[in-house]
Amino acid sequence: MKIKSLLLLGILFFTIKVYSHEGMWIPTLLQAIEEPMQAEGLRLSAEDIYSINHSSLKDAIVHFGGGCTAEMISDQGLLLTNYHCGYSQIQSHSTVDQDYLTDGFWAGSKEEELRNPGLTATFIQRIEDVTAKMLDAMASVSAEEKEKALIEMAALIEEEASENGKYKAKIVPFYYGAEYYMIVTKTYNDVRLVGAPPSAVGKFGGDTDNWIWPRHTGDFSLFRIYADAENEPSAISDNNKSYKPLKSLQISAAGVEEGDFTMVYGFPGRTEKYLVSSAVDYVENKENPAKIAMREATLSIMEKSMASDDKIRIQYAAKQSRVSNAWKKWIGQNFGLKQQKVLDQKIKWENEFQSLVDEDPEMKTKYGDLLNKLQLMNDSIESYKMARSMFIEYVYYGPELIRFINKFDKIVQSYEVLEKDGKLEEEKEKLMKATDSFFKNYHQPTDKLIFDKLTEMYISNVQTELLALSLRNPKARKKLSNNIYVKSIFSSKKGVKDMLKKIKASNVKKLKSDPGFKFASEVYVSYFTSTRPNYSKYESKISDLMRQYVEAQRILFPDNRFSPDANSTLRLTYGKAEGSRPRDGVIYRFYTTSQGILDKYVPGSKDFDLPKKLVNLLENKDFGSYAHDDGTLRVCFTGSNHTSGGNSGSPTLNGKGQLIGLNFDRSWESTMSDIMFAPDICRNIMVDIRYVLFVIDKYAGADHLIKEMDIVY
Ligand code: ASP
């Protein structure tokens, strides 16, 4: 018997190829990797994970607020995501007197759950391969007409799939347009806050620990989806009832052991694994350093202000996180790119590719010049690419006033059209609301300091011809800050609101000469007329070349697995619960325990303070039914799942599809995995689901929520 099973194991060992865990797989194509996943411990079929014929795991997965992932964990629409994904909602309900950031928030009943206008929860209805139709549409038209043909065909197919607005359908290119998939979704708009631990738990470790292992963060929050009487999406309303999902995840509190199969199901945002060496060189040596420096400048100003005043601390909490998250990631990414010598690896790969192509006359005719062309195009796009990144950094992550003022562009430029179409009042009301919410979290002296600093940095990083006129002229530049932050009508809430109240056809033109408005519009116009068109022109050429590059690699290396880059669509990635050896002399164990929380605890510190009640529970080892077999309370664990930004909040599932963890980060050495996944080093970080349950149950005493869940021990 024993010999027989050993033999069988041997056969299995030799017949099943062991693959690296790289890859974010399209859920409709899981049949192709079902076998290797099962060999590693999956007990389900591909159909259990994604199906359109019956409920499957996909029906429990939610695209949360457009940028994160979440999952259904009860049949009453209870939703679990990261603390950092719900952070801006938690912040928006907080004031100095009712400080949910410091104290946490727990709704005692459904009536107490807090509404969040604008927050959405989207489910995937189905994913459909529409490559043939899309490529057909392009086949019979000239090169110049291709883009138009694609857009028209996509609109046609999407319209049909939307079933008169019941669903939203969007066609997305994969492998740079070699394949196209249509994603059909249904979005719920009434998503309420149910529970959040204090920041000292949800963000424990703060920026110091962000992207770092070992980690001890309880990065979770709870929301609930509400629907109309038919369980369909509805605007926020008192009449809505909690949503009944097609599927909610069973939770396993049985624990995770080293080597256990894990999979992460969610919406990774963007990876660029096929980049050629010149593009990697640009990211590593030009773009990342410039972006890092700009964010560093913003952060140091913000943090000083936040430390000086409690009100500013709350006002800027979510904004600071938004800026600091990618700032730290890029630093880590550059570290990893250098450590792994990614540039050298890319060059080596390209040399190998080129010689294989050159060996085959047919391949040579078709792809022989590809890498040269890519290099040329990458050189040509560089200044526009930089100008684009700097515009994003300056306008979206720098001073806020420019972006706020730009919201008024429509009413100023198209006043008469709005009036004629009867849309004027609606627009005014929208702007009134935007003004209230902008000034609620705005501290002008802080923003002005950021403006002064970042304007200089923006100018020095962008080619002069691509700058707004007043930024090119040193004399005009000197007066800018005063003009915008003192003289402009946009310098005060009252000024803006009075202006909106009095606005009419005869005085709207005056606004055009407001110094703040003038400047904001110049910045946007120069971007949209000079940078963007050039960037898009080269980008579409690069994309076409990249499509051919990936296509050629697939021909040359038929045995390799080529997974598509992330593009914010639903993906499954799988791996194991495992640690790593990230650097010389360092071994990462795959889990952390509550002892580490106590070890890191520094009373009164910004990143490592703890609520007294938690300290007591942990010191007394009062872990309830959530302790591991060895008596410890596990807090976080790592795995070799290939994840990215957007996977924040994704469920980590075991081989049976039960929820065992909540993905929220990657280790420092892994942050380059968006460009190159190193199987021995790249690890995603998850909160152990037992720590989540412990905080909800033992710390917050919200056992009514625990009762909603289906937990197996
Ligand atoms: N912590 C990440 C984020 O904020 C998740 C990741 O990139 O792994 O998006």
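If you read the sequence from its start, that first residue is 1, and numbering goes on from there. None of the values given here were measured: they were computed from a predicted structure. Each ligand, and each atom within it, is numbered from 1 in the order the structure gives.
Considering every non-hydrogen atom in both Lys346 and Lys273, the closest pair reads NZ-O, 2.9 Å.
For Tyr394 and Arg403, the side-chain atoms include no donor-acceptor pair closer than 3.5 Å.
Here the two rings, on Tyr100 and His93, have centers that are 6.0 Å apart or farther. Between Phe223 and Phe64, the ring center distance clears the sub-6.0 Å criterion.
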If you look at each N/O of ligand 1, which protein N/O atoms lie under 3.5 Å away, and at what distance?
from	atom 1	to	atom 2	distance (Å)
ligand 1	1 (N)	Phe664	O	2.8
ligand 1	1 (N)	Asp665	OD1	3.0
ligand 1	4 (O)	His84	NE2	3.4
ligand 1	4 (O)	Asn325	ND2	2.8
ligand 1	7 (O)	Gly645	N	3.0
ligand 1	7 (O)	Arg666	NE	3.4
ligand 1	7 (O)	Arg666	NH2	2.7
ligand 1	8 (O)	Arg666	NE	2.8
ligand 1	9 (O)	Ser648	OG	3.2

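Of the possible polar contacts, none joining the Lys606 side chain to the Gly206 backbone as a donor-acceptor pair under 3.5 Å is found.
When the options Ile660, Leu44, Leu57 are evaluated for a side chain to side chain contact (heavy atoms under 4.5 Å, CB included) with Leu653, the one that passes is Leu57.
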